[in-house]
Protein chains: 2
Amino acid sequence: MVCSSILTRANGQETKARLLRTTETLFASKGVAGVTMRVVAKKAKTNLASAHYHFGSKEAMVLEMIKSKIEPINLKRRKRLDEAKVKFADKPLPNIEIFRALIHPVGEEVEKQITNQNGIIEIIARSFTEPAEFLDKIQKRFFGELSQVFMTELKNSNPDANEEDLYWNYHLAVSSMLGTLAQHRRMIDFSVGKYNENAVSAMIDRLIIFVSNGFEAGIQIKQ
Amino acid sequence: MVCSSILTRANGQETKARLLRTTETLFASKGVAGVTMRVVAKKAKTNLASAHYHFGSKEAMVLEMIKSKIEPINLKRRKRLDEAKVKFADKPLPNIEIFRALIHPVGEEVEKQITNQNGIIEIIARSFTEPAEFLDKIQKRFFGELSQVFMTELKNSNPDANEEDLYWNYHLAVSSMLGTLAQHRRMIDFSVGKYNENAVSAMIDRLIIFVSNGFEAGIQIKQ
DNA sequence: TCTTTCTTCAAACGATTGTTTAAATAGCCT
DNA sequence: AGGCTATTTAAACAATCGTTTGAAGAAAGA
């Protein structure tokens with residue numbers, strides 16, 4: 001009643017969004033351990049207890065942030081796969097088209113927010129460099145179904161391949177993708193002079209070729 | 001002077017070794033964050049301050065443990081590369097031989113201690129799933145020179161290749177290797193029934209083929 | 001205006017962390 | 001035996017963490 005600040009109280013939803021954005025930045029640069037409720041609250045210009053009020057717990061807050069970043073990408077992955085299936089009519093998809101649908105959407109998301117401080121690429125990478133318990137939750141929550149979809153498509157495209165080979169090499173492909181994303185930051189430091197930060201999409205394109213050919217080399221046609 | 005326990009005092013070096021082993025186990029299953037000085041000391045049947053006495057700090061302790069695990073592997077990598085060079089006389093090495101020298105020693109180390117609880121594979125994987133600052137130290141301390149050696153060898157074997165292509169695809173190969181090692185645990189859970197724990201060496205062999213072919217596909221012969 | 005609901009706040013709680021201190025103990029050399 | 005050094009120990013320190021509490025503040029419906 002006394003002074004009444006100009007911007008008195010935020011909407012509540014605005015505060016929540018601000019907290020999520022701050023969580024994103026911190027998580028991208030320092031991982032789950034680097035996201036402390038106090039720092040998040042302070043950077044989001046609100047209170048420690050307010051963060052708990054909106055999310056209930058730290059883990060819930062981080063998971064909600066990750067969901068908001070990954071789900072759009074997963075939707076795009078499915079969409080690209082469907083588009084490719086339409087484009088190739090009833091013919092089986094070339095393997096590289098399947099991997100393009102899996103990998104390319106990540107690159108696009110990077111391009112989209114090239115001005116943004118916290119790259120989506122770091123978010124995804126971090127998601128797979130966290131403690132096992134936390135990671136399993138993400139794996140099952142956001143990637144369980146998706147893997148089934150892509151695995152099925154690979155079977156369709158390689159009907160004569162040994163199923164065990166398919167599984168192994170699919171996992172090699174996914175692991176390569178994740179490993180590459182996770183190592184992205186370090187690649188910047190290492191290959192000095194040979195790297196410019198706008199070349200992320202070039203890396204993605206190379207990754208698709210790399211993974212697709214690695215995959216095909218590993219598939220032994222049965223009998 | 002009173003009761004004098006049977007095993008009074010350990011050698012000091014024995015205590016240090018016990019601390020390192022405990023650090024290894026904890027780090028393999030929970031990463032740096034899971035290594036707490038108190039737990040390490042207790043599991044190593046010594047005191048909290050004793051751990052500090054021997055290593056000075058937690059980070060120094062973990063780094064010394066990692067050094068003890070990684071250096072033998074790196075030595076073997078160099079040795080394999082030299083052996084391959086002898087075997088192929090003055091002819092340039094096939095790329096797959098180079099990647100075999102890089103990757104296979106890891107698999108051998110896994111086989112060697114197949115009874116051991118804490119797999120070396122988890123150690124290496126964890127080494128690349130830790131906070132960036134910690135990771136950079138490991139990168140520079142244990143992998144800086146090694147990368148130079150292998151990169152040079154790849155240049156020798158692909159003299160006509162675009163140097164930029166070589167760099168990119170070498171990094172893709174290394175990232176794939178690390179990603180695969182890091183994802184190894186999760187692969188066990190995911191591909192239920194299609195995986196048996198003795199098949200690690202099979203995975204390594206597949207990885208070598210995968211990476212080698214991915215690498216070669218990514219190299220465009222300059223003009 | 002009064003009540004209700006949503007939101008924010010300062011403060012504290014309880015637990016855990018890496019690190020330090022200072023005293024006690026054991027082995028070894030003279 | 002006595003002194004020296006290396007090692008181990010219990011206890012405390014200082015910092016940080018996620019979470020909870022209880023009250024204050026603002027908006028909206030009656």
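A note on names: the letters A, B, ... follow the listed sequences, proteins ahead of strands, and every chain is numbered from 1. Here the structure is a predicted model, which is why all the values come from computation and not from measurement. Heavy atoms only: backbone and side chains are in, while hydrogens, waters and symmetry mates are out.
- Using a cutoff of 4.0 Å between basic side-chain nitrogens and carboxylate oxygens, A:K67 and A:E64 are not scored as salt-bridged.
- Computed from coordinates, the A:L48 CG to D:dG22 C1' distance equals 15 Å when rounded to whole Å.
- If you check residues 56-66 of chain A against DNA chain C, you find no residue with a heavy atom closer than 4.0 Å.
- Here the side chain of A:R38 is nearest to one of D:dT9, C:dT17, D:dC17, namely D:dC17.
- Looking at the side chain of B:M37, the nearest of the listed nucleotides C:dC6, C:dT19, D:dT19 is C:dT19.
- Separating the CZ atom of B:R18 from the C1' atom of D:dT7 is a distance of 12 Å, rounded to the nearest angstrom.
- In this structure, B:R100 pairs ionically with B:E97, as a charged nitrogen and a carboxylate oxygen lie closer than 4.0 Å.
- Note on B:E145 versus B:R78: salt bridge recorded, some NZ/NE/NH1/NH2 to OD/OE distance being below 4.0 Å.
- In this structure, the nucleotide among D:dT19, D:dC13, D:dT7 sitting nearest to the side chain of A:H52 is D:dT19.
- Residue contacts for A:T36: at a heavy-atom cut-off of 4.0 Å it reaches the sugar-phosphate backbone alone, with no base atom in range.
- Residue A:V40 is classed as having no contact, given no heavy-atom separation below 4.0 Å to the nucleic acid.
- Side-chain proximity of B:A49 to D:dT8, C:dT20, D:dT7: nearest is C:dT20.
- Counting any heavy atom pair closer than 4.0 Å across all strands shown, B:V35 reaches sugar-phosphate atoms only and no base atom.
- Atom CD of B:Q13 and atom P of C:dC28 are 14 Å apart (whole Å).
- A donor-acceptor pair is defined here as one N or O able to donate and one able to accept, closer than 3.5 Å; no such pair exists between the side chain of A:S147 and the backbone of A:G144.
- Between A:K69 and A:E109, no side-chain nitrogen of the basic residue sits less than 4.0 Å from a carboxylate oxygen of the acidic one, so the salt-bridge criterion is not met.
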